[in-house]
Every structure is written in C-alpha cells, then in structure tokens.
Amino acid sequence: MTAPLPPLLLVGCGQMGGALLEAWIGNGLAPSVVMDRHRDGVAAPHTTVRELSKIPGDFMPEAVILAVKPQKAVPVMEELATLRPDIAARAVFVSVMAGLTAGSIAGCLRGKAPDATPAIVRAMPNTPCSIGQGMTGLYKAPDVTDRQEKLCDRLLSAVGATVWVPEEDQINAVTAISGSGPAYVFLLAELLEEAAAGLGLSADVARILARKTVSGAGALLDHSPEDAAELRRRVTSPGGTTAAALAVLNAPANWPSAIPEAVAAAARRARELAS
Ligand SMILES: NC(=O)c1ccc[n+]([C@@H]2O[C@H](COP(=O)([O-])OP(=O)(O)OC[C@H]3O[C@@H](n4cnc5c(N)ncnc54)[C@H](OP(=O)(O)O)[C@@H]3O)[C@@H](O)[C@H]2O)c1
C-alpha cells in the first residue's frame with residue numbers, strides 16, 4: 001500500500017485545483033487545507049478557508065499548490081509570505097500557473113526575508129487531468145530537494161503522466177505541446193464533424209464518427225508500443241482512401257508547416273506572458 005500524501009495547502013480550487021484535489025483525496029491525503037473564495041467545505045479531515053489569515057496556526061503543509069489565475073497570484077503569495085513565513089521557508093511551492101517564472105514566484109515568497117531561498121516547482125498540466133488522463137511537464141528550480149521533487153511527481157502523477165524538463169524555458173514548449181495540445185485535437189474533431197456533415201451525413205452521425213475516431217485513435221496510440229508514424233502507415237494502403245487524404249494533409253503548405261507554426265506561436269505567446 002502506498003503511503004498517504006502529506007498535508008498540502010491548495011490555493012485556488014477551480015477547474016485545475018479541483019481536479020487535483022479530487023485525485024489526491026482519492027489517493028489518500030493527510031489532513032490538508034484548501035483556500036478558495038468560492039469553495040464550500042471539503043469533507044473532513046480537510047479544512048476549507050476563504051482567507052489565508054484563517055489557516056490554522058499549527059498547520060504546516062509539505063507542499064503549497066498555487067492554482068489561481070496568474071494575474072491574481074502576486075498578492076496571494078505576498079500575503080502568505082507575510083502571514084506565514086514559516087510555510088514560505090519550509091514547503092515546496094508547486095505552481096501550475098502559466099506564465100509566472102520561478103524567479104518571480106520566489107521574489108513574492110521571500111517577503112521580509114530577502115536571503116530566503118523558497119523551493120519552487122513549475123508544473124504545466126492539461127485538461128485531461130480532470131479524468132486522470134493528463135500530461136504534466138515539470139521543472140524544478142535549484143533549491144528543490146530530491147525529496148520535494150519526488151513529492152511533486154507523486155502529486156501530479158495522481159492525474160496522469162509526468163515528465164521533467166531540465167530548463168525552465170522548456171516549460172514554454174511543454175505549454176505549446178501538451179498544455180495547449182488538447183485544443184488542437186478538439187479542433188480536429190470539430191473539423192472532422194463539419195466535413196462529415198458536408199458529405200451528407202446527419203448531425204448525430206457526423207458527431208459520433210468524429211468523436212469516436214479522435215478518442216479511439218488516441219486510446220490506440222496510448223496502448224500501442226508502436227510509433228504514431230507506424231500506426232499511421234498501418235491504415236494507409238498504397239493508392240487507397242487514407243493515402244488520398246494524407247496526400248492533401250501532408251502537402252508542404254498544409255500540416256507539415258501549419259503544425260510547427262501553430263506550436264511555435266503558442267511557445268512564443270507563453271514566453272511573452274512570462275516576461
Ligand atoms: N484549467 C486548465 O486546463 C489549466 C491547465 C494548466 C494550467 N492551469 C493553470 O491553473 C491555474 C488555475 O486555472 P483554473 O482553470 O483552475 O482557474 P479557475 O477555475 O478560475 O480557478 C481558480 C480559482 O481560484 C480562486 N481564486 C482566485 N484568487 C483567489 C484568491 N486570492 N484567494 C483564493 N482563491 C482565489 C478563483 O476564484 P475567483 O473566481 O474569485 O477568482 C477560482 O475559484 C491558472 O493559473 C492556469 O494557468 C490551468
């Protein structure tokens with residue numbers, strides 16, 4: 001049996017924070033504190049507070065998960081550092097917030113102790129985390145211990161797969177591939193559905209064909225040891241229907257340029273938001 005997760009402080013319990021919390025509780029979570037202005041009570045033994053000042057004085061989390069929108073984060077982190085410098089000094093801070101660098105988070109958490117070295121991990125999860133099928137890229141800043149790194153990996157593994165990148169800038173690439181990636185796949189489903197309707201299929205038939213094709217292909221890819229390219233080749237008979245479609249998609253001006261351009265635009269935007 002795996003050991004329960006240690007006490008956590010979750011700041012922001014919306015879509016992402018809520019999905020993480022549900023998974024952690026399901027995995028066995030030591031009594032923890034959730035801070036969110038809208039959240040009603042999380043079942044005992046956990047505590048919900050609407051203000052940081054209401055965190056019990058004797059509560060010491062091993063990790064603080066920052067899951068508010070980035071634009072709301074600075075005052076929260078500064079207040080936490082002022083009210084609970086002990087937490088800021090001892091816990092590992094896991095930010096799932098897009099765009100805020102480890103340096104800027106550390107700057108907010110130092111509070112009145114400019115020599116403090118807060119431990120910061122940046123995590124970029126994606127929406128399939130809400131069904132335990134997520135993909136999270138993580139980066140640890142230099143002051144994170146091995147033990148803290150293992151804990152962060154456990155926390156994000158509760159909602160899917162994890163991968164660590166060695167450079168903070170690579171979090172922008174993670175954002176562009178797996179963070180934003182579900183939207184690219186949903187767009188493919190939308191376009192397939194429209195194309196199916198364009199071929200004269202009813203709306204219901206078009207919808208189920210598009211959805212099940214995308215989800216079934218994704219599940220097959222997930223279960224297969226083969227590369228995506230090999231799976232593609234297996235459905236592509238020379239001179240057949242799939243080959244006719246792929247000749248269009250693979251024309252140099254189509255997917256081979258559109259996908260890298262789209263991903264580069266996302267990575268560029270992630271960098272802009274972080275600066
Ligand atoms: N959803 C995703 O797929 C995803 C993926 C990767 C990363 N993220 C990151 O996860 C973070 C949260 O995103 P989300 O989609 O979960 O947002 P969300 O659903 O809006 O959740 C944020 C929650 O935090 C609350 N909050 C805001 N300021 C607060 C404060 N000062 N004190 C306490 N609670 C506060 C919000 O309440 P209010 O409504 O009052 O502000 C809201 O309930 C973002 O930084 C985002 O970049 C999200």
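Read the numbers this way: they start at 1 and go in the same order the structure lists the ligands and their atoms. Keep in mind that the numbers below use all heavy atoms, side chains included, and drop hydrogens, waters and symmetry copies. We number each residue from 1, following the sequence as shown.
- Among residues two or more places apart in sequence or in another chain, the side-chain contact (heavy atoms from CB on, under 4.5 Å) test is passed with Arg207 by Glu193, Arg211.
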Check ligand 1 for close polar pairs with the protein: N or O on both sides, less than 3.5 Å.
residue  : atom   : partner : partner atom : Å
ligand 1 : 16 (O) : Gln15   : N            : 3.2
ligand 1 : 16 (O) : Met16   : N            : 2.8
ligand 1 : 17 (O) : Lys69   : NZ           : 3.4
ligand 1 : 19 (O) : Gln15   : N            : 3.0
ligand 1 : 24 (O) : Asp36   : OD2          : 3.3
ligand 1 : 28 (N) : Arg37   : NH2          : 3.4
ligand 1 : 31 (N) : Arg37   : NH1          : 3.4
ligand 1 : 37 (O) : His38   : NE2          : 3.4
ligand 1 : 39 (O) : His38   : NE2          : 3.1
ligand 1 : 40 (O) : Arg37   : NE           : 3.3
ligand 1 : 40 (O) : Arg37   : NH2          : 2.9
ligand 1 : 40 (O) : His38   : NE2          : 2.7
ligand 1 : 41 (O) : Arg37   : NH2          : 3.2
ligand 1 : 41 (O) : Lys72   : NZ           : 2.4
ligand 1 : 43 (O) : Asp36   : OD1          : 3.2
ligand 1 : 43 (O) : Asp36   : OD2          : 2.9
ligand 1 : 45 (O) : Val68   : O            : 2.7
ligand 1 : 47 (O) : Ala98   : N            : 3.2

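- Residues Arg147 and Glu62 are paired through a salt bridge, judged by an N-O separation under 4.0 Å between the basic side chain and the carboxylate.
- No side-chain donor from either of Asn126 and Ser178 sits under 3.5 Å from a side-chain acceptor of the other.
- Using a 4.5 Å cut-off between side-chain heavy atoms of Ile, Leu, Val, Met, Phe, Trp and Tyr, with links allowed through other members, Ile25 and Val159 fall into the same hydrophobic cluster.
- Residues forming a side-chain contact (heavy atoms from CB on, under 4.5 Å) with Asp227 (at least two apart in sequence, or on another chain): none.
- Scored by the salt bridge (Lys or Arg N to Asp or Glu O under 4.0 Å) test, Glu51 finds Lys54 as partners (sequence neighbours excluded).
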